[in-house]
K.L.:
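Please see the structure below; I have some questions.
Note that the coordinates shown come from a computational prediction; the quantities given were computed from them, not determined experimentally. The sequence lines fix the lettering, A, B, ..., with proteins before strands; numbering per chain opens at 1.
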Amino acid sequence: MERKEERSLNFLERIIEDDLANGRVPDNLIVTRFPPEPNGYLHIGHIKSICLNFGLAEKYGGRCHLRLDDTNPEKEEIEYIEAIQRDITWLGFDWGDHLYHASDYYDQLHRIAVNLIEEGMAYVDSLTAEQVKEYRGTLTTPGRNSPDRDRPIEENLRLFEEMRQGKHPEGSYVLRAKLDMASPNINMRDPALYRIKFASHPRTGDKWCIYPMYDFTHPISDAIEGITHSICTLEFEDHRPAYDWATSIDGIGHTPHQYEFARLNINYMLMSKRRLLNLVKLGIVSGWDDPRMPTITGIRRRGYSPESLKDFVARVGVAKVESVVDYNLLEFCAREDLNKRAKRVMVVLDPLKLVITNYPEGETEWFDAENNPEDPDAGTRKIPFSRELYIEREDFMEVPPKGYHRLYPGNEVRLKHAYYVTCTGVIKDAQGNVKEIHCTYDPQSRGGTTEDKRKVKGTSHWVSAAHAIEGEIRLYDKLFSAEYPGARTGNYLDDLNADSLVVVSTAKLEPSLKDARPGEYLQFIRNGYFMADSRDHAEGKPVFNRTVTLKDSWSKKAAKLE
RNA sequence: UGGGAUGUAGUGUAAUGGUAACACUGCAGAUUCUGGUUCUGCCUUUAGGGGUUCGAAUCCCUUCAUCCCAGCCA
């Protein structure tokens, strides 16, 4: 008997399976949609929604539409529309022929609005924005009907047509649904359906000067596309009655249902397009694709794989409880994925010259180095070894603390893939800084092991001085140093991490790195995971971004010894 | 003295009337040609109070806490 390891269903899967089992889904075809507004770049929070919508459709053999919710021409741009598609494709999802825009439905939406007026279910209101607010009442007191609420149908029709023709200035009129001004739910107090905006739309240009509102557009767009399960975030829970109202308008003919889940929050990160846009505008980051940004494009440039991000989202799960996921989980997912796929390579970030005094001058040996101990199929590469090398400055200490098993006078360590060396001397400059260290090597340890199998506790990475190439290494860290940016002072800019980017220009890289290119996952042994920068990396001028550090249990221990 | 939602280890998420669990974090240790990986162990959980029941995280009552809503944004 086979034992199936069944992952428990999340609440959305449960709803869908129940709907399917009870014949509530037309043609048994699940149809979902991912409906971003093209007013900014997609960020990691959107990945959750993307994975949910595309993932659910995939799991139940349905389809998922990509619909750009472009009903506010003042904020939306073609640049964003294009970036959104690029990002979703990079994640590995495909909407096939089902790319839509809310603006595709402007004609239908307009017709439905006119019908509503004819049915006496919508009216043109001349109240100012200020007055509308006043008439709406408050959270605890009911609203009052607008004096225009009973405007004759003919007049409503005429005014709405004049609005469309551009005969009235912005703000002079608005089309409203006639629902219930006394509703305890503010969204039902005669919501606006159309407003006047003399703004050129990225897709429809100047065809329209009235634009439909979310509560009208979104549900009807869903209905038009035959969406069965319309999944959105918690803050739209209050809009569900409006959603249900719109989808039940005569002639709509299809009834999708809205379900809400908790959006993704991660500590030390900002997840709001508005605030991210602000970081870009203020020049705090280099752009939407700055590797410190939580945008998909930024994370990608940083060196994350789509697989690790999807895994992350899957581990986070879906529920209706608002939650804050630990940044550690993101890094864990990155490391787990990168450990399996990254090519190992040796780079010394902070070089310290090491001279092997008993090694012949002018000689070069080429060692075979495995590319990935986790993947035998990854093969090997050649690395040059010679008398003068660079090792990491922190891999040597003249006076080591307890537990330090790297290089110090008299101690023997392994140079990865090469030889054992023993420190025999320290050369200092006039100020007493260690300039260079001298070692002897054991020719018997060639390749990194000896026949006597004696233990060396430390293994250092190194680069041959004569063969090393130079490059710029960008060490990225969290953009914010506070778990909840802005919680302390009310201004998230007060919590920027001053060390979120450290540029290292002194690094010595093994020569094979001259062939590195963006998209290739790398591990700089003992330093972290890196990727060539997709913007600035060039032949002869390498630039690498640190995706994430390796787990480092030594520095923790060392800190405790203090 | 409005409406809508939600409360399970530090953080996420399971268990849907039958032994509270998985992952991450943290802490120990083993292994290791990366102080990485891998492996082992440990820590800590049903918001409070009542009730129903042989039995409650789960059902009922009640209290408390948190989040969202008063754009002509989405």
K.L.:
Could you please name the partner base of rA21(B), counting Watson-Crick and G-U wobble pairs only when both distances are under 3.5 Å?
P.N.:
rU13(B)
K.L.:
By the 4.0 Å heavy-atom rule, please label Y194(A) as base, sugar-phosphate, or nothing.
P.N.:
nothing
K.L.:
Among the candidates rC73(B), rC69(B), rU25(B), find the nucleotide nearest to the side-chain atoms of E37(A).
P.N.:
rC73(B)
K.L.:
NA contact type, R315(A), heavy-atom cut-off 4.0 Å: base, sugar-phosphate, or nothing?
P.N.:
sugar-phosphate
K.L.:
Looking only at atom types and distance, does a side-chain atom of E17(A) sit under 3.5 Å from a main-chain N or O of R14(A), one as donor and one as acceptor?
P.N.:
no
K.L.:
R526(A) has a side chain; which of rA14(B), rC73(B), rG35(B) sits nearest to it?
P.N.:
rG35(B)
K.L.:
Contact class for K551(A) vs. all strands (heavy atom < 4.0 Å): base, sugar-phosphate, or nothing?
P.N.:
sugar-phosphate
K.L.:
What does Y214(A) touch in the nucleic acid at a heavy-atom separation under 4.0 angstrom: a base, only the sugar-phosphate, or nothing?
P.N.:
base
K.L.:
Do any side-chain nitrogens or oxygens of K320(A) fall under 4.0 Å of OP1 or OP2 in rG7(B)?
P.N.:
no
K.L.:
Using a 6.0 Å distance limit plus a 45 degree cone around the ring axis, check whether R151(A) lies over the aromatic ring of Y123(A).
P.N.:
no
K.L.:
Anything under 30° is parallel, anything over 60° is perpendicular, the rest tilted; go ahead and classify W554(A) against H405(A).
P.N.:
tilted
K.L.:
Scan every strand shown for a Watson-Crick or G-U wobble partner of rC67(B), both distances under 3.5 Å, and answer none if you come up empty.
P.N.:
rG4(B)
K.L.:
Would you say T141(A) places a side-chain N or O within less than 4.0 Å of OP1 or OP2 belonging to rG2(B)?
P.N.:
no
K.L.:
So, does K455(A) get its side chain near the phosphate of rU32(B), meaning an N or O under 4.0 Å from OP1 or OP2?
P.N.:
yes
K.L.:
Consider the side chain of N10(A), meaning its heavy atoms from C-beta on, and name the nucleotide among rG35(B), rG7(B), rA14(B) that approaches it most closely.
P.N.:
rA14(B)
K.L.:
rU37(B), rC73(B), rU16(B): which one has an atom nearest the side-chain heavy atoms of M213(A)?
P.N.:
rC73(B)
K.L.:
When we call it a touch if two heavy atoms are under 4.0 Å apart, what does G458(A) touch: a base, just sugar-phosphate, or nothing?
P.N.:
nothing
K.L.:
Taking only the side-chain heavy atoms of P373(A) (C-beta and beyond), determine which of rA14(B), rU34(B), rA28(B) contains the nearest atom.
P.N.:
rU34(B)
K.L.:
Describe the nucleic acid contact of K273(A) in one word from base, sugar-phosphate, nothing, applying a heavy-atom distance below 4.0 Å.
P.N.:
nothing
K.L.:
For residues V324(A) and Y484(A), determine if any side-chain heavy atom of one lies less than 4.5 Å from a side-chain heavy atom of the other.
P.N.:
yes
K.L.:
Considering every strand shown, what is the Watson-Crick or G-U wobble mate of rC39(B) when both distances are under 3.5 Å?
P.N.:
rG29(B)
K.L.:
When the ring centroid of H110(A) is compared with that of F160(A), is the distance short of 6.0 Å?
P.N.:
yes
K.L.:
At 4.0 Å (heavy atoms only), tell me whether T128(A) reaches a base, stays on the sugar-phosphate, or touches nothing.
P.N.:
base
K.L.:
For E260(A), report the nucleic acid contact type (base, sugar-phosphate, nothing); a contact means any heavy atom under 4.0 Å.
P.N.:
nothing
K.L.:
Would you mind telling me which of rA74(B), rG36(B), rU32(B) lies closest to the side-chain atoms of L550(A)?
P.N.:
rG36(B)
K.L.:
Is the base of rG71(B) syn or anti, if syn means a glycosidic angle within 90° of 0?
P.N.:
syn
K.L.:
Using a heavy-atom cut-off of under 4.0 Å over every strand shown, decide if A129(A) touches base, sugar-phosphate, or nothing.
P.N.:
base
K.L.:
Regarding R406(A), tell me which of base, sugar-phosphate or nothing describes its non-hydrogen contacts under 4.0 Å with the strands shown.
P.N.:
base
K.L.:
Let's test your reading of the model: under 3.5 Å, does the base of rG12(B) pair with the side chain of E322(A) as donor and acceptor?
P.N.:
no
K.L.:
Checking contacts here: which listed nucleotide (rA15(B), rG3(B), rG35(B)) is nearest the side-chain heavy atoms of D238(A)?
P.N.:
rG3(B)
K.L.:
Looking only at the side chain of K557(A) (C-beta and beyond, no hydrogens), which of the listed nucleotides rG71(B), rG36(B), rG35(B) gets closest?
P.N.:
rG35(B)
K.L.:
For the side chain of D69(A), starting at C-beta, report the closest nucleotide among rA74(B), rC69(B), rU6(B).
P.N.:
rA74(B)
K.L.:
Report the relative orientation of the aromatic rings in W245(A) and F216(A); use parallel for angles under 30°, tilted for 30 to 60°, perpendicular for over 60°.
P.N.:
tilted
K.L.:
With sugar-phosphate meaning primed atoms plus P, OP1 and OP2, does R344(A) contact a base, only sugar-phosphate, or nothing at under 4.0 Å between heavy atoms?
P.N.:
base
K.L.:
Taking only the side-chain nitrogens and oxygens of K457(A), find out if one of them lies under 4.0 Å from OP1 or OP2 of rU32(B).
P.N.:
no
K.L.:
Between rG71(B), rG36(B), rG12(B), spot the one nearest the side chain of N339(A), thanks.
P.N.:
rG36(B)
